[in-house]
Undergrad: 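Got a structure here, written out as structure tokens. Questions coming.
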Amino acid sequence: MSTVTAPGAVLPTYARQDVTFVSGEGAWLVDADGGRYLDFLAGIAVVGLGHCHPAPLAAAEAQLRRLWHTSNLYWTEPMQLLAERLSERFGGARPFFCNSGGEAIEAAIKWARRVTGRPGIVALHDSFHGRTLGALSVTGQPAKRAAFEPLVPGVSFVALNDAEALAAAVGPGTALILLEPVQGEGGVHPASAEFLAAARSLADRHGALLVLDEVQAGMGRTGTFFAWEQLGVRPDAVTLAKGLANGLPIGCLLVADSAPAGFEPGDHGSTFGGNPIVCAAACAVCDSLTPELLAEVGRRGEQLSLGLGKLPGVLEVRGRGLLLAGELDRPAATVIEAARERGLLVGSAGERTLRLTPPLVVTSAEVERALTILEEVLA
Ligand SMILES: *Cc1c(COP(=O)(O)O)cnc(C)c1O
């Protein structure tokens with residue numbers, strides 16, 4: 001039996017908005033009819049340096065003409081250069097490269113179980129770690145999980161910033177404490193420094209590993225290269241993905257030198273992981289995240305959150321740096337649509353939560369323009 005579908009149709013896993021983009025530059029996108037949009041979603045916190053930024057573009061283009069793929073049976077220079085850069089930023093660490101955030105979480109789960117020989121994982125309610133079965137198993141959102149059970153066993157969930165509940169959940173069977181420094185998809189809720197300190201000391205006391213999922217919050221998004229730098233807690237590993245190559249697919253589990261390597265040859269792998277083109281782009285991203293740009297992220301974040309808090313219908317502003325959300329007195333979907341019609345792209349993180357993750361290079365004038373459009377929409 002065959003059904004005729006529309007040309008270009010894909011499986012309906014997304015509630016896709018009916019607009020087709022054909023080009024982009026900086027914080028701006030252009031649709032197929034020539035309409036221009038100020039992009040305050042940046043591909044869901046991915047295109048940190050803005051669309052077609054010259055540095056990763058030149059790096060990827062040069063590598064594209066030199067070498068595409070060799071497999072992980074050999075070394076390539078871009079992969080080693082990226083490993084060096086990430087290690088330097090972390091203060092001593094070794095990466096495993098893969099192709100997405102979900103895959104980075106899969107690697108983190110396997111690594112923690114391999115190192116500790118234990119099954120247990122403690123994660124948080126309302127967390128988001130990806131859609132693959134392992135990543136879904138540690139994602140604390142019942143609506144996303146229910147249809148796909150049974151999932152990976154051994155996972156328990158506690159509330160964000162509830163150190164007492166965390167202490168009750170972590171024990172001698174715990175391999176991994178996994179949390180986002182700022183819960184992204186779950187509504188842009190920052191973890192408190194006290195909660196992270198509690199997680200660190202519980203992991204140390206019980207011989208568990210603390211992994212911070214910085215897939216969304218990392219790569220300068222909160223105003224420091226890693227979000228943990230602002231929180232006074234050094235994790236045993238972080239996961240990275242979204243902003244790492246400015247839109248080319250990449251994921252990474254970055255394990256601190258102070259933690260066991262765990263993996264041995266044959267334990268884990270990825271055919272495409274560490275792809276030279278993508279790693280060359282990611283090196284350029286790392287080099288572009290200068291102290292000046294990171295300081296600017298803080299300033300633009302302050303400007304945007306202050307402005308957002310003054311808008312009609314915004315009940316609360318949450319987040320760090322340029323990972324921000326406004327809790328609204330109305331459904332976010334209608335605001336997203338009206339803003340798009342006025343040439344501004346924004347996202348949601350929950351029914352009434354407006355999510356703003358502009359490129360890190362967004363200008364003060366662009367922030368003002370976005371606030372003006374949002375004010376019109378919300379008035
Ligand atoms: C987006 C996201 C993921 C999943 O990344 P994919 O590349 O979509 O698999 C995991 N963790 C966090 C915190 C995310 O924001």
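The first residue in the sequence is number 1, and the count goes up from there. Counting starts at 1 for both ligands and their atoms, in listed order. Atom set for the values below is all heavy atoms of this structure, side chains included, hydrogens, waters and symmetry mates excluded. None of the values given here were measured: they were computed from a predicted structure.
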Undergrad: Test: ring-ring contact (aromatic ring centres under 6.0 Å, His included). Region: residues 7-38. Which pairs qualify, not counting sequence neighbours?
TA: F21-Y37

Undergrad: Which of the numbered atoms in ligand 1 are below 4.0 angstrom from a heavy atom of E180?
TA: 13 (C)

Undergrad: Just distances here: any N/O of Q216 and N/O of ligand 1 closer than 3.5 Å?
TA: yes

Undergrad: So, Q303 versus E368: side-chain donor-acceptor pair below 3.5 Å or not?
TA: yes

Undergrad: Starting from atom 11 (N) of ligand 1, what is the nearest protein heavy atom, named by residue and atom, and what distance separates them?
TA: D213 OD2, 2.7 Å

Undergrad: Do the non-hydrogen side-chain atoms of V233 and L210 ever get within less than 4.5 Å of each other?
TA: yes

Undergrad: Of all the atoms in ligand 1, which lie at a distance below 4.0 Å from a heavy atom belonging to H129?
TA: 10 (C), 11 (N)

Undergrad: Cut-off 3.5 Å, side chains only: do T132 and E103 have a donor facing an acceptor?
TA: no

Undergrad: Among protein heavy atoms, which sits nearest to atom 15 (O) of ligand 1, and what does the distance come to when rounded to 0.1 Å?
TA: K242 NZ, 2.6 Å

Undergrad: Testing the 3.5 Å rule here: is there a donor-acceptor pair between the side chains of S270 and N72?
TA: no

Undergrad: For T222 and Q230, run side-chain hydrogen bond (donor to acceptor under 3.5 Å, both in side chains): C-alpha distance rounded to whole Å, both residues' side-chain angles, the deciding distance at 0.1 Å, then the answer.
TA: CA-CA 9 Å; T222 69; Q230 289 172 65; 3.0 Å; yes

Undergrad: Which residue owns the protein heavy atom closest to atom 9 (O) of ligand 1, what's the atom, and how far is it?
TA: G102 N, 2.7 Å

Undergrad: Under 4.0 Å from a heavy atom of S100: give me the atoms of ligand 1 that qualify, with their elements.
TA: 7 (O), 9 (O)

Undergrad: How far is atom 5 (O) of ligand 1 from its nearest protein heavy atom, and which residue and atom is that?
TA: G101 CA, 3.3 Å

